[in-house]
Amino acid sequence: MVRTRFAPSPTGFMHLGVLRTALYAWLYARKNKGTFILRIEDTDRARYVEGAVDVIYSTLKTCGLHWDEGPERGTPCGEYSETGNYGPYFQSERKDSYMKYSELLIEKGAAYRKDGAVWQKIPTAGSTSFRDEVYGEITVENSEIEDQVLIKSDGMPTYNFANVIDDHLMEITHIIRGSEFLSSTPKYILLYEALGWKPPVFIHVAPIMRDAGNKLSKRDGDAYFSDFIDKGYLVEAVINYIALLGWSPGGENEFFTLSELVGAFDLSGVSKSPAIFDEVKMRAINAHYIRSLTPEKFKETAKPYVKPYICKDGQCAVANCDALFAALQPRTEVLTDITPQIDFISAACDHEIELYNNKKMKTTLETALVALGEALRALEEHELDRDEIFTAFKALADDAGVKVGYFLYPLQIALTGKQSAPGGGLDICIMLGKDESIKRIKTAIERLKT
RNA sequence: GGCCCGUUGGUCAAGCGGUUAAGACUCCGCCCUUUCACGGCGGCAACAAGGGUUCGAGUCCCUUACGGGUCACCA
């Protein structure tokens with residue numbers, strides 16, 4: 001029976017690297033029909049942060065990484081076993097165990113007291129070896145290892161000690177954690193040996209880097225899961241991306257849902273070297289997820305970003321919302337891309353008249369005036385039907401020996417004031433509706449005349 | 001500095017003794033097109049260096065360089 005654990009310290013934030021470790025531990029447990037345990041490592045009282053555990057709970061839940069055992073059970077789900085007889089799951093509540101085993105170690109001569117703390121005694125001779133599933137066989141001379149504190153003078157265990165005790169008591173079979181612990185693993189091994197316990201399987205994962213020389217850290221301002229959700233990333237996309245940072249499924253597919261990751265996850269694909277975080281790549285993945293959403297789902301997801309801009313005097317300023325959302329979907333990589341694209345809807349059409357000069361469209365201020373006149377006429381003469389009006393413009397363009405853009409581009413400028421709009425002139429007409437469009441065109445014509 | 005570990009295009013990465021060294025992102029062209037996007041097609045671009053082993057090395061060994069981790073009463 002595989003039992004993995006995620007053992008974060010409650011710092012108040014969920015670092016992407018930490019989340020990835022949780023993901024891997026969760027995936028490994030699910031993949032092997034095992035148990036995923038959440039344990040809070042709050043042995044450092046100086047670092048205690050109010051409400052920090054809630055960040056851990058909520059992040060895990062929104063990511064779908066439900067735990068089978070822990071301080072608070074995850075979403076009830078039939079397939080999960082209902083054990084949880086290994087609590088408490090807060091290290092601060094397990095002090096008795098740590099004291100008990102530190103006493104035992106002292107009795108065995110593997111630990112001693114100094115300066116009010118209990119220290120682990122490292123053998124001076126020999127060497128210690130262990131096998132890591134990612135890094136392979138590792139051997140260190142005991143002379144290279146130094147004695148370490150097991151119980152701090154405040155009575156709390158150190159992370160190093162509490163980990164060993166808890167992992168054993170909770171019957172953890174596979175430890176998945178950051179590679180920064182690779183160097184201290186021999187000390188753990190020595191502890192397991194001194195206690196006569198069988199060490200679990202170790203799986204160390206290389207860190208996520210900001211660039212070649214620096215780890216992704218809070219100082220960068222965008223290392224936390226919440227930072228990316230705030231920026232408009234979809235949680236599925238974030239999970240998908242970080243899963244691929246430091247692990248490769250091997251094939252050419254790089255899009256995986258959580259359950260697909262469970263099927264694909266394999267330790268052999270875990271990388272030994274650090275991976276540099278690339279937000280541009282993550283954006284691309286996010287864009288893919290957004291485009292894959294059904295129109296309904298996209299509308300629901302994008303609404304909060306659109307709503308402030310389409311409400312005018314308490315009314316919706318958009319005549320055709322579906323058209324708006326349909327236009328936005330392929331133009332959205334992250335949700336926050338939306339707002340700057342639709343500011344034209346509620347804002348007055350005040351823009352640089354120079355925009356009418358466009359070499360590619362072969363338009364100038366003069367031709368724009370003509371085109372807008374035609375647009376106005378077309379709108380007044382026809383129903384607001386895309387095909388019907390387009391046909392009218394096409395005929396006009398053919399007669400004049402130009403492309404439709406000759407007429408439609410000035411219309412877009414008149415309506416949006418933007419060189420790049422989420423749709424062409426006609427599309428914008430449909431979004432804004434006949435009345436608003438005509439109003440804007442008239443205003444634009446007046447400006448062009450002066 | 002000691003000790004561990006690592007090093008394939010700008011980035012993520014496949015590869016696990018014999019390949020024209022995948023794929024994705026980025027970037028650049030072209031096509032599509034009422035702008036911008038989406039989409040389609042194509043292109044630029046890599047085995048850190050030097051020694052071995054081998055008929056043959058990105059794949060195995062050694063050295064160097066560079067990078068990461070660790071050496072806390074933090075985790």
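Keep in mind that what you see is a predicted model, and the values were worked out from it rather than measured. To find a chain, count down the sequence lines: A is the first, B the second, and so on, and within it residues start at 1.
Minimum atom distance to the side chain of L408(A) is reached by rU34(B), of the listed rG23(B), rU34(B), rC12(B). Side-chain proximity of E146(A) to rC25(B), rU35(B), rC71(B): nearest is rC71(B). If you check rU70(B), rG2(B), rA37(B) against the side chain of E144(A), the one that comes closest is rG2(B). Residue P330(A) places its side chain closer to rC38(B) than to any other of rC73(B), rA75(B), rC38(B). Out of rU35(B), rC5(B), rC3(B), the shortest distance to the side chain of V140(A) is found at rC3(B). Checking rU34(B), rC5(B), rG23(B) against every side-chain atom of V404(A), the shortest atom distance belongs to rU34(B). Comparing atom distances between the E180(A) side chain and each of rC36(B), rG69(B), rC38(B) picks out rG69(B) as nearest. Comparing rG6(B), rC25(B), rA75(B) by their nearest atom to the side chain of A284(A) picks out rC25(B).
As a whole-Å value, the separation of L150(A) CG from rA72(B) P is 15 Å. For the pair F181(A) CZ and rC4(B) C1', the computed distance is 16 Å after rounding to whole Å. For the pair N286(A) CG and rC25(B) C1', the computed distance is 14 Å after rounding to whole Å. Atoms NZ (K215(A)) and C1' (rC5(B)) sit 14 Å apart, rounded to a whole Å. Rounded to whole angstrom, the span from the CD1 atom of I138(A) across to the P atom of rU70(B) amounts to 14 Å.
Residues K299(A) and E296(A) are not paired through a salt bridge, judged by the lack of any N-O separation under 4.0 Å between the basic side chain and the carboxylate. Using a 4.0 Å cut-off between charged nitrogen and carboxylate oxygen, R113(A) and E103(A) count as a salt-bridge pair.
When heavy atoms are screened at a 4.0 angstrom cut-off, G246(A) is found touching the sugar-phosphate backbone but no base atom. At the heavy-atom level, L426(A) lies under 4.0 Å from base atoms of the strands shown. Using a 4.0 Å heavy-atom criterion, one finds that M209(A) contacts the sugar-phosphate atoms exclusively. Counting any heavy atom pair closer than 4.0 Å across all strands shown, F393(A) reaches no nucleic acid atom. R386(A) comes within contact range of at least one nucleobase, with a heavy-atom separation under 4.0 Å.
A residue-by-residue look at P157(A) and P422(A) shows that P422(A) has its nearest nucleotide of RNA chain B further toward the 5' end.
Sorted by first and then second residue, the pairs that involve residues 388-417 of chain A and meet salt bridge (Lys or Arg N to Asp or Glu O under 4.0 Å), not counting sequence neighbours, are K394(A)-D398(A).
A side-chain hydrogen bond (donor to acceptor under 3.5 Å, both in side chains) with T128(A) is found for exactly one of T185(A), T139(A), N142(A), namely N142(A).
Judged by the 6.0 Å and 45° rule, R20(A) forms no cation-pi pair with Y241(A).
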